[in-house]
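The sequence lines fix the lettering, A, B, ..., with proteins before strands; numbering per chain opens at 1.
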Amino acid sequence: MSRRPPRGEYIETDTGNKVARKATLVGTQNIILGGKTVIQPEVMIRGDLIRSVQAQSSSGGAPASNTAVAIGRYCFLSRGCCLRPPGRLYKGAFTYMPLRIGDHVFVGPGSVVQAAFIGNHVHIGSKVAVGESAIIKDYVRILDGSVVPPNMVIPSFSVVAGQPARVIGEVPEGGHEAFELRDLYKTVGNNPQPAPS
Amino acid sequence: MAPLSPYTYIQCPCSDPGNLSSATRSSNPSSPADEDCFDPRAPRSNYSLYPLEYLLFCDDCHQIRCPRCVAEEIVAYYCPSCLFEVPSSNLKSEGNRCTRSCFQCPVCIGPLSVSSLETQPESNLLSAPDNAPAPHTGPYILSCSYCNWSSTEIGITFDKPNNIHAQLAKQRNGGTTRLTAKERKDRRKDMAQSGLRSQSPTPASPAATSGTGQTQEPLDLETQFTNLKTFYQRQLAESNSSHGSSMDLSSLGDLGFASPNSLSRIMSIYTGGGLHDKKAKARAGVMREALSPDEGLQLSDLDESPAIAHLHTHGHAGTITTEQRLAQPPNLGEPHLHGATRFESTLRPIPYLLRTKRSKRCPICRHIISKPEAKVQTTRFRIRLVAGSYIPSITIKPLNNPAALPETLEPLKPVQYVLTFKNPIFDPVKITLASPSKTPGRFGSKVTVLCPQFEIDANTDVWDEALKDGGDASGTSRKRQQQQQQQRRGDDGGQQAEAGKIWERGRNWVSIVVEVVPASLRLDRLATTTTGKGQDERETKEVRDDDDEEEEEEEEEEEQEDRKGKKAIVDTSPLKEDEDVLEIPMFVRIEWEADSVGDDMLGGGSSAPARDKDVKEKRELAYWCVLGLGRVRQD
Amino acid sequence: MATTSSSSKRHSILPPAGPKPPVQFSSSITIADSALLTGSHPITISSESVVHPRARLESLGGRITIGRRCIIHERSTVGAVGTSNRTATTDKGVTLGDYVTVEVGAAIEAGDTVVGDGTIVGVGCKVGAGAVVGKHCTLTPHTEIAAGDVVPDFTVVYSNGVRRPDRRGVAELRNKGQTRQIEVLRRMIPSNPAKFQ
Amino acid sequence: MSTSTGSAILPHRSVANIRTPAGAGGQSSGLSTPNRPNVASNFGSPSSLRAEEDILIIEFGTRKLQIGFAGDAVPRGSIWFGPDQQRRVGDFREWQADYHHDWRKGASGDRWGKDHELWQSDIRGFDLGLMSDKLERVLRDAYTRYLLIDSRPRRIVCVLPSGLPIPLLSASLDCLFSRFSPPTISLMSSEVALTAAAGMRSALVIDMGWNETVVTSIYEYREVQCSRTIRGGRMLTEQTHHFLASYLPQTQKKPANENSDKTKEYVLSFEECDDVASRLVWCKPFHAPNAAEPGEGLQTVEEHDDESGENNPTTPTKKTSGITTVPLKSSGAPISLELPSDSLSEPCENAFFDSRYSPDSFDDHELPIHILVYNSLLKLPLDVRAICMPRIIFTGGCANVLGLRGRIFDEVSHMVQTRGWDGVVGKAVEQFRTNPKLKRKGSRHRAAGASSSSQDGGGQEQDGVWHDAANVTPEVDPIEEQLKKKNKDVASTQGEMRVIESLGAWSGASLITHLKVPAVALIDRELWLQYGVSGASKANEIDPKAQQRQSLGAAGLMKGASSSAWTLGVWGPT
């Protein structure tokens, strides 16, 4: 991915986000990037699916908060993954809920994430489907091809896999550093640096 | 097969024969006990090998600690679904599962959620005004949003949306209510009276027992257990009053005492006389057998024809899979299960097993080596001494194209790999490697470590790293050029990375080159590959100047004669799983001189002053590790 | 915020304008203008259905008929030219019943493929050419229905193809939910049918 | 964090947590909620080591391990051994989407299903080290997953089949002592535990286990006699395999290969066959050779008869014209077989009865179960037999095969009626029976007890209960005498055949331990690590009293134990 088209493949924002030009961000005004976050080509983020309950005038939530997708720092959205806010029937009315993502979250290629909350230091493998309004706590590793069922809660330090996904192991004490994405952040962009050996 | 990325496993020294118990020592040669070479594929090795991140390190014993050789202590219990902490007192009373409303689907073990069976939906035309939706009212159900199973399938609904666990305990499948512990106690009381009455006719006749026992529904597990316990305890109490307190213990005293062939002794009981006899009398005197259901007697109903009929009507689909059966918790509400959970209709929602936060101690010096924060929600650790910050990490890359991994390794074609050792500690370390020239197992590949001994400079703290970053980058670019040359030369298979020289050196890392000649996985080659090295030399050479044909032929011939000799010992069973993975066992010895105050190894900056101290002490660490390079192509 | 700049540029890379298929839209449908409609056979979308941005409707393999109140999510492909070399006997490519949901990234191959009323085709599913999926079925994420396979009504396909009957009897409820969702979506997704006509 | 944080955090000092319930829950509370570990019933001083307050009960099986706390009604967890436990730590490949485990090249490819077993009864060339590795890993798993306890030392009670070879026993003990360091381990024979868990003192335990079926006669908590046959779960699964294989297209193509198929090569995975065996295989009800014969009178038999008879519509044999579809994957291409449901009883037939062959054509190690049961009853001394007959307990995995227990019961009771308690069979006997003159003469010199058969063959037809056997029994059990004195009206049943439910060996052990009954084989850690098996002294050299005293006084304290000799009980050297 370190090949360089003449005009930079990525747009590097002043907060250090690297957003691929070939990424599809719908409703950007409702998408918040924490900074130092990488969005690779063909990533799709549905910022247009905002919560609509206040429009329904039931449960008068703060109307200001139109944020659909909030992403923390040092996140890495791999090629072809898709983030979209979870929708659900709320008191008989349908609404979307915001999707909140912490820091150092890796989303593998081709994964579709409809979680309600993703903590810090979470690794989502490739071709994973995270069901609607799932809650994923910190230091969770989701192996490739898993299907996280809707509304599932995944506690910290879990290794998760399967269809449907289940906790199949614990992240060992020595495994925490592996979730760090700072180095990975350096390796992409318009002038990528090689990964330290 | 997906190309597997190179990996490293480390064998914890705790599984050395020295630390193993007598039985394991007295086991087969297949155990990794024999130090001379450790076979990563021996079945036992799987139990002693760990990825680096699973290993801890005791700072005082200066030893690696693996999950097998740490003492654990539980810091907190919590439910993995609702993330509520559970006090350990509840654990004793309520058991090891969540007692709130957290359940797993008995069909697909996805999470179950409580939802209400809503009333008839109003007309769903968009034009229809979306008037205030009906407030959720019971009955409620547990339903799986993945496989769409719902508790209505087993005929269970709930009145309240909360505390499902308690409500479920009161219900059998099909919705029939079940007595709770308390209710059962009351029932037992009045059962006791009726029981006395029922005992007056001789219970010997099944009529009587069935009178009390069979007409009522069979005892469920919990009840039968309780009844038995009270039954026994009552008698122990009685006997306490009659005999000395030690006697009552002797009542059941010699469970499993006699061996099957001691019939004679039994008989002596009847032929009278003998101490045994008296003892038997006394013993038996205090303990009689259960005679009625409320004493825990449960005649079994052998007529299983309804179940059989059910089996034949519902067929394979109606029965549950082995996984589903194993996932089912024991159902206290049912009679003792002789295949009770066999049909889908008998499934029960699975309450989540609780999880724990555990801190770990070194079993030798009792120091804590890992301690998480107590709160369930926090992920911080108070102490976390991971092996990764004490012993060098090893990364493996193919020499020729570091970027892409080769799909598979060509059999009999030499490949070179770069092993990079990174030193995490703040003292320079001396590393000595030893690996067998031929990997153990049926398919022995040739291994040559070009530089088995070298030193790595000390790790430096964060600042230096930051400063060095630029330099590093240039260094890497230099490395690239080198490698490109190497690549050119590598193609004609010439020796480039010369023996005894390290390949590359960085601030706190050193990389060396290992050359391997993967063995052929052909079973008919087995005979030859099991022969000495010399021949392999020949093989590999011949393969290099690539005219395989004739070489093949003479191979064949050789095998002919080889077979005659070797047939006996050669195991030509088909390829086992992972036998095509080229794994190198490597013995790593690390020596370094550390300040006697060993605490400074973790923290970054504090080491700088520490290094000035002249009090040094020599330390060394040695262990086997396994390098997995890749799969060998099957020809 | 920073990413808006990217969004403006993003419009420069819009779908390649292929042969415009003849379309037959109900006046009440909602179709995002970044949806991709290609192919030569006609594409029919009945009343109140929603087509998300970046959804692909390919009528190369035959005509595509989409029933009432269907939701075609982003990146899904209806009428994909099947990998299974199966020649359509008629010109019917794909027929979706009413209240059908095609989730993110799902692919429904062309060639007499039928998806019954109220069926959910989950995230990343693949329905082979000529397959007939019954009414009110649920294909959980990553399910693959082989070409020509038949899935009876009220079937749940989960865990790599395990099938079981759906005994909840909530078809009505689901339709209602779908209706609510459509209400919301048609407010959120700027519809531009004209673009395709 | 979004989700609600945990409630007030309690102190983790085990003292606080563990003691409070111990104080609060007296004897009574122990009764009311049986699934509370026996902290309640510790009338030992609470000052005994805290971690020991809950005693672990571990029941060893060939394929599964059940573990929990003493006083619980059921084990907290039961773990089955399988190939996936034998992977390296951190190897999650079985969960990868693209991973397909090819059972043909499993870690132990040719040994079909062997890696689902903890041990084999044949320990020649068996890697004990590997076994203890397996054991340790499974136990650690149980500790963290099911028991949720830390690794502080706890007393352990092991429930073992009495036939367990010493090497396996000592290896297991080694593993337990060295890796989990319990202060003491006491051994309990699963048969005896079973008996206790049925509320009995004596019983005929029919344990249809995995490797073999063992028939053990327990009398007064003693194993009087035990006989075994290889007809167990494994055979059932293999029969199932042959059965299914015979229906597979590829094997039908080459029927010549059939017998080689039987011997060596497998066409289906063990897992699949095991699955089918546990799900679909059932057992046909008993059919008397000639229904006209009198002595069909046993109640149970009647039930089975008329439900298998024409009059009853719900009879399985009637319905089983139906078809059962069995989907199979491991044979290569996925295929689903259409089998007549009726035929799915064949594996069971072949595995346990083999009625095709005449009874005398079997070797001793492969007797059909009903014959085995009958013989072992026959071998028993008269009064013990009379006690054991109404106390038959079925256990073991194969007891779950639908209809099997009833079938065996009926077979046996049929044999009893037709043959009586006469070891001798054959033409002579038949003539002797049928010929009245001979018979009258004979009945004198036939043993009083043995005569029970033929006469009460008549006597029992009325009410189907063998009062005669009980009455005929000459010397009455002194214990019963004493009991009668004690509480008048209580007599125990004798003579008639009767099957009793037991809670299972684990629950029995839990019960016994909960009642503070000391097991005879009580092994102290220090002693074991010093001497190992060799340190054990012969079972009958031990004075049980001494054992009790020491285990009575501060629970298994070092000096108490080390002061006296110890034994391995049934398992020990004799």
What distance separates E74(C) CD from R46(A) CZ, expressed to the nearest 0.5 Å?
4.5 Å

Is it the case that atom NZ in K127(A) sees more than 12 heavy atoms from other parts of the structure closer than 6.0 Å?
no

Report yes if the side chains of L49(A) and L185(C) come closer than 4.5 Å at any heavy-atom pair, otherwise no.
yes

Looking only at heavy atoms and a cut-off of under 4.5 Å, which of M188(C), R75(C), E103(C), H73(C) has the most pairs with chain A?
R75(C)

Taking every non-hydrogen atom, the tightest pair across G177(C) and L89(A)
CA-CD1, 3.8 Å

With a 4.5 Å cut-off on side-chain heavy atoms, are E183(C) and S52(A) touching?
no

Taking Q163(A)'s backbone N and O only, do any of them form a donor-acceptor pair with H142(C)'s side chain (distance below 3.5 Å, no angle check)?
no

Bottom line for R84(A): the part with an atom under 4.5 Å from chain C's heavy atoms is side chain

Looking at Q24(C), I want to see if its CD is surrounded by more than 12 non-hydrogen atoms of other residues, nucleotides or ligands under 6.0 Å.
no

Min side-chain heavy-atom separation K176(C)-F94(A) under 4.5 Å:
no

Would you mind telling me which of E42(A), R88(A), Q114(A) has the largest number of heavy-atom pairs within less than 4.5 Å of chain C?
E42(A)

Proximity breakdown for V130(A) and chain C, heavy-atom pairs closer than 4.5 Å:
neither

